Amino acid sequence: MSSAETVTLRRLAWAGVEVAAGDVRVVIDAIRNTEDLAGFQGQPRRPLPSIDAAPGVRTHAFVTHLHPDHCDRKLLAEIAASDGGTVGCHTPIVDVLGGMGVTAVPQEMGERRKIGPFTTIPVASHDWRGDDQVAWIVEAPGLRVIHFGDTIWHGMWWSIARDYGPFDVAFLPIAGVMARREGLTPTNQPATLTPEQAVEAAVVLQASTACAIHYDLFNNPPYYTEQHDVRGRFLRAARARGIHGIAPGDGKPVPLATAA
């Protein structure tokens with residue numbers, strides 16, 4: 001059995017992802033508490049799956065950015081205080097997390113951090129409001145995945161592919177959210193990738209599998225509105241582009257593409 005076969009991938013709720021091997025797991029943008037989201041995104045449409053680790057498994061949580069649907073301050077503080085657990089972030093937000101009661105390990109863009117069998121690397125991502133945001137690469141022997149949070153379409157896909165690709169799995173938001181916030185002039189441009197943009201990103205990233213995340217859990221018009229039929233559009237666009245596109249349910253395993 002190869003090293004890659006010992007690693008398991010799981011889609012959590014919303015944008016959350018778990019990468020696990022043996023007694024170590026990495027979770028990115030995991031959420032459990034949703035009370036901070038009520039005014040803007042509304043309440044989740046269904047209960048969130050459990051993210052509890054098996055006994056003896058050490059959890060290392062990573063945050064793409066500070067929006068509360070990606071940065072669950074209570075959960076992060078719990079993980080940081082757990083036996084052997086840590087929280088990782090991009091350096092510019094480490095003090096903000098500290099103010100939330102979360103002790104975090106900062107990484108500069110492109111800096112590598114070794115955690116058990118995994119290596120984590122923050123790379124460029126872009127937020128619709130201009131807030132600090134990164135994507136996280138998680139590498140293990142024979143496996144490389146990349147996870148994006150709220151990212152919009154940007155010009156860094158090609159440099160990420162050149163410097164770090166190809167990828168076995170790219171986790172990409174697909175909701176194409178239309179957002180309206182007080183104090184921001186409303187536009188008709190999506191605040192996250194559309195399904196078709198997500199597929200095109202996977203093509204550029206040379207991803208064997210494109211996994212849909214960040215959809216079908218929050219919808220709170222007129223403040224936070226998901227576009228229509230995003231799951232169907234994503235899967236159709238992936239087929240049209242010859243990409244292995246998948247959209248596992250909350251808490252479900254993420255299968256890797258198999259050779260023909």
Side-chain angles (χ1 to χ4, degrees), residues 2-4 6-12 15-22 24-30 58-67 70-71 76 79-80 84-97 102-127 131-173 193 198 201-211 213-214 254 256:
S2 71
S3 296
T6 68
V7 178
T8 61
L9 307 177
R10 186 165 66 110
R11 182 182 170 228
L12 305 176
V17 167
E18 176 190 83
V19 187
V24 178
R25 69 169 183 163
V26 167
V27 296
I28 307 171
D29 287 359
R58 292 165 290 150
T59 299
H60 301 272
F62 287 80
V63 183
T64 58
H65 63 301
L66 292 169
H67 297 178
H70 299 258
C71 177
L76 293 175
I79 290 171
T86 65
V87 172
C89 71
H90 187 210
T91 300
I93 68 170
V94 67
D95 290 341
V96 181
L97 288 172
V102 178
T103 301
V105 179
Q107 286 174 253
E108 297 289 346
M109 200 76 77
E111 180 183 354
R112 293 175 176 268
R113 177 184 168 202
K114 184 73 173 174
I115 302 172
F118 302 118
T119 299
T120 62
I121 312 166
V123 296
S125 188
H126 289 276
D127 175 73
D131 297 338
D132 184 271
Q133 182 169 167
V134 295
W136 286 101
I137 294 171
V138 181
E139 297 179 338
L143 183 71
R144 182 182 298 118
V145 305
I146 188 166
H147 171 283
F148 292 86
D150 267 347
T151 196
I152 58 173
W153 182 264
H154 56 75
M156 301 301 291
W157 306 108
W158 292 268
S159 62
I160 293 170
R162 180 193 66 226
D163 295 340
Y164 300 101
F167 296 94
D168 296 285
V169 184
F171 294 97
L172 295 153
L193 292 177
V203 170
V204 176
L205 292 167
Q206 303 169 54
S208 299
T209 294
C211 182
I213 60 170
H214 198 277
V254 174
L256 297 172

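Any value given below was found using the heavy atoms of this structure, including those in side chains, with hydrogens, waters and symmetry copies removed. Source: prediction; values computed, not measured.
- Using a 4.5 Å heavy-atom threshold, the side chains of V123 and I137 count as touching.
- Residues R10 and T8 form no side-chain contact, since every pair of their non-hydrogen atoms from C-beta on lies 4.5 Å or further apart.
- The CZ atom of R11 sits 13.5 Å away from atom CD of E18, with the distance rounded to the nearest 0.5 Å.
- In this structure, the side chains of V19 and F62 stay at 4.5 Å or more apart for every pair of heavy atoms.
- Considering only heavy atoms from C-beta on, F171 comes within 4.5 Å of V254 through its side chain.
- Here the straight-line distance linking atom OG1 of T59 with atom CG of L76 works out to 11.5 Å at 0.5 Å rounding.
- Of all non-hydrogen atoms in L172 and A198, the two that sit nearest each other are CD1-O, 3.2 Å.
- Nearest heavy atoms, A124 versus F148: O-CE2, 4.0 Å.
- For H214, the ring-ring contact (aromatic ring centres under 6.0 Å, His included) partners at least two apart in sequence or on another chain are W14, H70.
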Inset, instruction - Evaluate the side chain to side chain contact (heavy atoms under 4.5 Å, CB included) criterion for residues L66 and D131: first the C-alpha distance (whole Å), next the side-chain angles of each, then the deciding distance (0.1 Å), finally the verdict. - result: CA-CA 8 Å; L66 292 169; D131 297 338; over 6 Å; no
Legend entry - Intermediate values then yes/no, side-chain hydrogen bond (donor to acceptor under 3.5 Å, both in side chains), H65 and D127: CA-CA 9 Å; H65 63 301; D127 175 73; 4.6 Å; no
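- Atom-to-atom distance recorded for T120:OG1 and Q107:CD is 4.0 Å, nearest 0.5 angstrom.
- Side chains of S208 and L256 form no contact here, defined as non-hydrogen atoms less than 4.5 Å apart.
- Counting heavy atoms from C-beta on, the side chains of R113 and T86 come closer than 4.5 Å.
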Output side-chain donor-acceptor pairs under 3.5 Å for residues 157-169, partner residues at least two apart or in another chain, one line each.
{"from": "W157", "atom 1": "NE1", "to": "H154", "atom 2": "O", "distance (Å)": "2.9"}
{"from": "S159", "atom 1": "OG", "to": "M156", "atom 2": "O", "distance (Å)": "3.0"}
{"from": "D168", "atom 1": "OD2", "to": "R144", "atom 2": "N", "distance (Å)": "2.8"}

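- Among all heavy-atom pairs drawn from C71 and L97, the shortest one is SG-CD2, 3.7 Å.
- T119 pairs by the side-chain contact (heavy atoms from CB on, under 4.5 Å) definition with R112, K114, I121, E139, not counting sequence neighbours.
- Between D29 and H147, the shortest heavy-atom distance links the atoms OD2-CE1, 3.4 Å.
- Two residues are said to be in side-chain contact when any heavy atoms from C-beta on lie closer than 4.5 Å; T64 and W136 meet this criterion.
- Smallest separation of non-hydrogen atoms from A80 and V87: CB-CG2, 3.9 Å.
- Closest of all the heavy-atom pairs between G149 and P173 is O-CG, 3.1 Å.
- You'll find the side chain of V138 reaches within 4.5 Å of the side chain of I28, heavy atoms only.
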